[in-house]
Amino acid sequence: MKKLLSLPQNLVNYFHQIEDKDKESWFCASDPEGSHVGSGGGTAWLLKEMWKNSETDFNQWLKQEKRIIMHAGGQSRRLPAYAPSGKILTPIPVFRWERGQKINQNLLDLQIPLYEKILQKSPKNLNTLIASGDVYIQSDQNIKELPNVDIVCYGLWANAELATNHGVFVCNKNASEELLYMLQKPSPKILKNLSQDQLFLMDIGIWVLSDKAVNVLLKHSGYSLGQNGRLLTPENLSFYDLYSDFGLNMGSHTEGKNPEINDLKISILPLPKGEFYHFGTSRELISSTLSIQNRIIDQRSILHKDDKPHSSMFVQNADIKIKLRPDQRNLWIENSYIGENWELQSEHIITGVPENNWELKLPTGVCLDIVPIDGDSYCIRPYGFFDAFRGPLNVDSTVWMGESFANWLLHRGVAFPDLDFPEDTDLQAAAIFPVLKLNGSFGELLTWMINPSKNKELLSLWLSCERLSANDISKRASLSRLYDQRELFRNKNIVQLHSNYTKSVFYQSDLNYIAQHVAQNKIDLKPNLSFDNTFQQMQEFMFQAKIKKYLNQDNTIEEQKAFDLLGDIIVDSLGYEQPEPKLNIFHDQIVWGRSPVRIDIAGGWTDTPPYSIAYGGAVVNMAINLNGQPPLQVYIKPSKEYKVILRSIDIGVREDISTYEEISGFKQVGSAFSIPKAALFLSGFNDKSSFKNLEEHLKAFGSGIEITMLAAIPKGSGLGTSSILSATVLGALSDFCGLKWDQNDLNQRTLVLEQLLTTGGGWQDQFGGILPGIKLIETQKGGNQTPNISWAPEFIFSKPENKARMLLYYTGITRTAKNILSEIVTGMFLNESRNTKILKDIKEHAFETFKVLQSANFEDFSDCVALTWEQKKKLDRGINPPEIDKLIDIIKDYASAYKLPGAGGGGYLYIIAKDPNAAGIIRKLLNENPLNDRARFVDIDLSNTGFQVTRS
């Protein structure tokens with residue numbers, strides 16, 4: 001998926017370097033110099049500029065891949081602070097209610113994920129998404145499949161007062177997706193009148209065009225296709241706007257007279273739970289950021305202790321030597337040094353200020369932008385908070401820093417004839433901003449420009465300096481110097497955020513990025529040692545471990561401390577009390593526990609601490625029997641010898657235990673009986689305070705214990721074997737010892753058991769096997785991971801035609817989840833940005849999958865399984881090794897979905913064939929071309945019992 005950006009020319013020269021973006025995925029160009037081509041013409045120009053180096057014809061090129069086009073090439077008159085680097089690269093503070101954001105994020109970073117989701121849901125012929133670069137659009141819900149039409153436009157339900165400032169889609173009241181016509185900035189009166197019979201949605205600028213619609217747009221922008229499909233540029237480029245020119249001709253009831261556009265099939269979709277934030281002006285820079293920060297008011301969701309509403313003061317990438325006052329408002333300080341001799345009021349935007357010792361007093365409403373120019377010079381640009389940077393200088397309505405330009409001259413003893421540009425020059429084009437080196441007169445000249453003064457020496461300096469217009473500043477800015485300065489300030493801020501973690505966003509941000517940044521820049525960051533919050537202490541250990549890893553130092557101690565603390569959180573959540581086991585059966589009885597295994601359908605990994613503790617988890621899975629029987633079985637009976645005898649039928653080994661120390665040896669590497677030892681430990685057979693030794697304990701208990709296990713399933717199956725076996729052993733011991741543990745108790749103790757074994761893991765495996773059928777398992781965030789269970793109807797799987805399509809194939813490739821688990825869990829500790837976003841999508845997909853199951857649509861269910869596989873591959877590319885890829889290649893033409901259950905990498909392959917006949921072909925192909933001498937099909941049935949325990 002390519003990203004095409006329309007940017008100012010100077011930013012095009014710097015973009016890939018300063019944003020560290022690869023040129024293969026990110027293409028940048030500016031509008032042709034001297035031409036005002038509009039959003040429609042700009043789209044055509046951008047496509048042509050990218051295509052022109054292609055060897056294929058244009059229409060063939062259009063079909064090859066999907067692309068996001070973002071228009072961000074304007075002059076930014078109303079937001080001068082980010083004109084040089086483009087509004088699209090405006091630094092945005094980490095949201096105080098969100099985890100996993102990078103402290104260097106900008107508007108572009110926030111925009112792209114939604115646009116990617118939309119294009120991923122678009123049909124094959126809708127390949128081009130067009131969006132604006134100065135907005136942030138938020139949506140908390142999954143994007144649904146887009147309809148197969150020519151143009152899909154997203155809108156928001158909005159009141160007339162808000163919609164009047166934007167484009168508006170007018171839709172059929174009985175068919176809300178049908179566009180009747182489009183309006184541009186209609187009056188509230190018009191909107192209120194039409195709402196009696198029609199619907200209207202505010203255009204948020206997200207349009208997805210088919211290849212056909214792109215061609216129509218190009219034609220109306222003046223482009224044409226020549227011989228051999230070459231795209232030809234018109235001799236004279238003209239202005240053509242996507243929204244007003246093209247858009248006003250769309251719809252079934254438009255008054256436009258353009259049949260080509262009018263005949264395109266248009267669909268208007270409300271963005272689910274959408275929110276629209278504009279960053280077009282200085283005022284909106286603060287108001288939109290403030291609205292985003294305060295969009296979550298639930299104090300439980302504010303991730304640091306400062307849970308009161310966010311004020312309208314934002315400071316980032318800055319070094320401030322003065323105290324800000326509570327009464328100040330609308331303050332934005334970024335990439336700047338504010339010295340101890342500064343005085344600030346309200347309504348300031350301060351950007352780019354290098355380290356200084358100026359005495360400076362900024363009046364309310366005055367903003368300051370210092371821009372590096374060329375090698376070592378700077379341009380001074382003061383301006384007003386509400387300046388529009390538009391209009392002739394000699395007109396009183398043209399305002400600069402709160403007054404007319406003529407008044408500004410008058411207060412400094414200069415007149416228009418003294419200037420070297422015409423008095424009717426547009427403010428944006430007026431060369432009024434001086435360029436000079438950072439010397440002693442720099443601060444004096446800055447003060448003179450802001451505060452009225454008739455100092456002749458400073459007037460002479462201003463007149464004699466090289467002066468730039470706002471347009472020139474954007475063309476001449478040294479963006480590499482601008483970014484280098486921001487980086488130096490950010491390095492200082494990292495130290496401050498880390499030390500002031502109780503009131504900062506430090507531990508909720510992407511700690512992996514910060515660790516890499518700390519290592520690369522050799523930032524001296526002292527470890528935080530005392531915490532009230534165990535979760536943050538755990539993150540700190542893993543953060544320090546990650547820094548050491550980036551420095552190629554041994555990090556095993558810090559990493560182990562993090563995992564130990566995670567185990568402590570889980571154990572503490574149990575509210576652990578020492579069990580008192582008592583023999584609960586007759587001496588000639590046997591307790592028999594057995595469990596199915598599970599196949600995870602959606603939501604896998606969201607059940608895994610620390611993610612589930614931080615966010616809550618949601619998983620859809622189903623309990624299955626293999627070859628007609630539950631494959632995990634445990635037999636426990638009394639023994640006349642006062643010891644514990646452990647047997648494994650499947651691997652044919654035995655171990656006798658006579659001491660507490662042997663039970664506590666469950667962490668011993670290579671032990672075949674780690675699970676039953678840890679289960680005995682959790683069942684109370686570790687009470688050294690009450691008994692001298694294990695023999696005395698067993699005598700008081702009433703007998704020795706003989707535990708026999710059978711796992712009729714290969715190791716590394718991906719079906720949750722170890723977790724479900726652990727739960728089965730614990731469940732059988734509960735019955736044998738009269739502990740009366742219910743299903744939630746078994747789940748929690750299984751989580752603890754896995755922490756004791758240092759294998760980690762989540763809760764979906766044990767609940768997938770303990771509980772029957774197919775179900776949604778959901779937990780809330782926090783240490784208590786007691787789940788809520790919702791069952792889906794089972795008849796979707798019991799229908800013969802559906803059951804015949806489901807296959808389970810053992811690949812013969814053994815894998816263990818521990819290495820995969822450790823890597824992904826480490827990312828969870830560190831709020832790693834990429835994985836956090838993927839896990840959020842995975843969790844949302846679990847809920848969507850459960851809805852599909854409730855509708856009993858098997859085809860849609862198959863699509864859900866296919867998407868689960870794609871999501872898991874995104875999370876960890878290693879889950880699909882070459883051998884599995886080879887296997888999938890054999891069957892993919894006959895399968896509608898497939899996935900490796902569990903963490904992936906090997907084990908079983910779950911397959912949904914396109915139809916029963918295709919299932920037969922898949923069986924035949926894999927039986928004739930086995931992957932190895934262990935590969936085979938296994939019959940599966942949905943288990944309607946889950947874990948069972950009975951006595952002889």
Side-chain angles (χ1 to χ4, degrees), residues 1-33 37 39 41-74 76 82-92 102 104-120 127-134 209 211 214 218 223 229-231 233 372 474-484 486-487 510 513 516-517 520 833-834 837 874 877:
M1 191 180 295
K2 291 288 176 63
K3 289 87 174 178
L4 286 66
L5 305 181
S6 177
L7 303 172
Q9 181 57 58
N10 189 40
L11 180 54
V12 171
N13 300 331
Y14 282 99
F15 178 80
H16 294 96
Q17 170 198 342
I18 62 177
E19 283 296 304
D20 193 25
K21 305 289 189 188
D22 67 280
K23 292 186 177 182
E24 182 64 27
S25 301
W26 297 81
F27 177 81
C28 304
S30 60
D31 287 346
E33 190 172 357
V37 294
S39 54
T43 297
W45 176 264
L46 195 57
L47 286 168
K48 183 251 180 184
E49 286 295 289
M50 185 173 184
W51 162 82
K52 69 182 183 182
N53 295 321
S54 171
E55 297 180 358
T56 61
D57 70 73
F58 180 76
N59 277 320
Q60 187 63 36
W61 176 81
L62 270 183
K63 296 176 183 178
Q64 286 178 352
E65 59 192 350
K66 295 185 182 292
R67 62 197 65 84
I68 297 168
I69 292 177
M70 299 184 67
H71 291 293
S76 193
Y82 295 103
S85 58
K87 285 184 283 190
I88 198 169
L89 299 184
T90 300
I92 304 296
K102 293 182 179 179
N104 68 333
Q105 70 181 3
N106 55 39
L107 194 54
L108 176 62
D109 298 324
L110 297 176
Q111 290 173 311
I112 288 295
L114 175 62
Y115 303 154
E116 288 178 329
K117 284 183 182 181
I118 291 171
L119 271 185
Q120 287 164 359
N127 294 317
T128 304
L129 184 149
I130 303 173
S132 173
D134 63 354
L209 276 62
D211 297 343
V214 168
L218 264 61
Y223 292 74
R230 308 303 289 175
L231 187 62
T233 310
S474 292
K475 293 176 183 177
R476 294 268 303 277
S478 173
L479 298 183
S480 57
R481 285 178 58 202
L482 188 76
Y483 265 57
D484 287 346
R486 179 178 286 145
E487 186 90 338
D510 184 338
Y513 167 78
Q516 187 175 23
H517 195 78
Q520 287 176 346
S833 180
R834 178 183 175 275
K837 290 173 184 175
K874 279 185 183 179
R877 297 175 182 87

Colleague: In terms of heavy-atom contacts, does NZ of K66 have more than 12 from other residues, nucleotides or ligands at under 6.0 Å?
Modeller: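 Yes, enclosed.
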Colleague: Any non-hydrogen side-chain atom of L5 less than 4.5 Å from a side-chain atom of F27?
Modeller: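 Counting from C-beta outward, L5 and F27 never come under 4.5 Å.
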Colleague: Check whether any side-chain heavy atom of S6 sits under 4.5 Å from a side-chain heavy atom of D31, and report yes or no.
Modeller: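 Yes - at least one pair of side-chain heavy atoms lies under 4.5 Å apart.
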Colleague: Between W51 and D57, which heavy-atom pair has the shortest distance, and what is it?
Modeller: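 Where W51 meets D57 most closely, the heavy atoms are NE1-C, 3.8 Å.
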Colleague: Contact between W61 and M50 at the side-chain level, heavy atoms closer than 4.5 Å - yes or no?
Modeller: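 Side-chain contact under 4.5 Å: yes.
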Colleague: Nearest 0.5 Å, please: how far is CG in D211 from NZ in K63?
Modeller: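 Those atoms lie 7.0 Å apart.
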Colleague: Could you measure the distance from the CG atom of N104 to the OH atom of Y483? Nearest 0.5 Å is fine.
Modeller: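 N104 atom CG to Y483 atom OH measures 9.0 Å (nearest 0.5 Å).
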Colleague: For E65, which residues count as a salt bridge (Lys or Arg N to Asp or Glu O under 4.0 Å) partner, sequence neighbours excluded?
Modeller: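 If we apply the salt bridge (Lys or Arg N to Asp or Glu O under 4.0 Å) test to E65, skipping adjacent residues, the hits are K2.
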Colleague: Measure across A29 and L46 and return the closest heavy-atom pair with its distance rounded to 0.1 Å.
Modeller: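 Closest approach of A29 to L46: CB-CD1, 3.7 Å.
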Colleague: Can you list every salt bridge (charged side-chain N to carboxylate O under 4.0 Å, His left out) pair that touches residues 42-52, not counting sequence neighbours?
Modeller: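 Sorted result for residues 42-52: E49-K52.
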Colleague: Using side-chain heavy atoms (C-beta onward) and a distance below 4.5 Å, is Q60 in contact with E55?
Modeller: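 With C-beta onward as the side chain, the pair stays apart.
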Colleague: Under a 4.5 Å cut-off applied to non-hydrogen side-chain atoms, are L11 and I18 in contact?
Modeller: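 Yes, at least one pair of side-chain atoms sits under 4.5 Å.
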Colleague: Out of V214, I68, T43, which one pairs with I130 under the side-chain contact (heavy atoms from CB on, under 4.5 Å) rule?
Modeller: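 Of the listed options, the one satisfying the test is T43.
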Colleague: Do you know the tightest heavy-atom contact between G42 and H71?
Modeller: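 Closest heavy-atom pair between G42 and H71: C-CE1, 3.6 Å.
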Colleague: Closest heavy-atom contact between P8 and S30?
Modeller: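 Shortest heavy-atom separation between P8 and S30 comes out as C-CB, 4.1 Å.
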Colleague: Looking at side-chain heavy atoms only, is the closest gap between L89 and Y14 below 4.5 Å?
Modeller: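 They are not in contact (no side-chain heavy atoms under 4.5 Å apart), so the answer is no.
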Colleague: Return the minimal non-hydrogen interatomic distance between K102 and S833, and the atom names on each side.
Modeller: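 Minimum heavy-atom contact is CE-CB, 4.0 Å.
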Colleague: Just so I know, are the side chains of L108 and K3 near enough to count as touching, which here means a heavy-atom distance under 4.5 Å?
Modeller: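 Not in contact.
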Colleague: Would you say N59's side chain and G229's backbone share a donor-acceptor pair under 3.5 angstrom?
Modeller: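 No, N59 side chain to G229 backbone: no donor-acceptor pair under 3.5 Å.
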Colleague: Do T128 and L4 pass the side-chain contact (heavy atoms from CB on, under 4.5 Å) test, and can you show the C-alpha distance, the side-chain angles, and the key distance before you say yes or no?
Modeller: CA-CA 10 Å; T128 304; L4 286 66; over 6 Å; no
Colleague: What pair of heavy atoms forms the shortest contact from K21 to D109, and how long is it?
Modeller: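 Between these two residues, the closest heavy atoms are NZ-OD1, 3.9 Å.
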Colleague: Could you check if a side-chain atom of L479 sits within less than 4.5 angstrom of a side-chain atom of P84, using non-hydrogen atoms only?
Modeller: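 Yes - at least one pair of side-chain heavy atoms lies under 4.5 Å apart.
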Colleague: Using atom types as modelled and distance alone, determine if a side-chain donor or acceptor of H16 lies under 3.5 Å from a backbone N or O of W26.
Modeller: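 Confirmed, H16 side chain pairs with W26 backbone.
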Colleague: Can you name the side-chain contact (heavy atoms from CB on, under 4.5 Å) partners of S132, sequence neighbours left out?
Modeller: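 For S132 the side-chain contact (heavy atoms from CB on, under 4.5 Å) partners, ignoring immediate neighbours, are D134, V135.
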Colleague: State which residues pass salt bridge (Lys or Arg N to Asp or Glu O under 4.0 Å) with R67; sequence neighbours excluded, sorted by chain then number.
Modeller: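 Salt bridge (Lys or Arg N to Asp or Glu O under 4.0 Å) check on R67 returns nothing, list empty.
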Colleague: Rounded to the nearest 0.5 Å, how far apart are CG of D510 and NE2 of H517?
Modeller: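 One finds 12.5 Å between CG of D510 and NE2 of H517.
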Colleague: As an exercise, state the distance from CG of L231 to OG of S54, rounded to the nearest 0.5 Å.
Modeller: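 Nearest 0.5 Å value for the CG-OG distance: 11.0 Å.
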Colleague: To the nearest 0.5 Å, how far apart are CD in Q9 and OG in S474?
Modeller: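 Between Q9 CD and S474 OG, I get 12.5 Å after rounding to 0.5 Å.
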Colleague: Inspect the surroundings of CG in D22 and state if more than 12 heavy atoms from other residues, nucleotides or ligands are less than 6.0 Å away.
Modeller: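 Yes, enclosed.
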Colleague: What pairs with E19 under salt bridge (Lys or Arg N to Asp or Glu O under 4.0 Å), at least two apart in sequence or on another chain?
Modeller: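 In terms of salt bridge (Lys or Arg N to Asp or Glu O under 4.0 Å), with neighbours along the sequence ignored, E19 is linked to no residue.
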Colleague: If the condition is side-chain contact (heavy atoms from CB on, under 4.5 Å), which residues does P32 pass it with, not counting sequence neighbours?
Modeller: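 Partners of P32 under the side-chain contact (heavy atoms from CB on, under 4.5 Å) test: S35, V37, W45, L237.
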Colleague: If you round to the nearest 0.5 Å, how far is OH of Y513 from CD of Q105?
Modeller: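 Q105 CD to Y513 OH: 11.0 Å, rounded to 0.5 Å.
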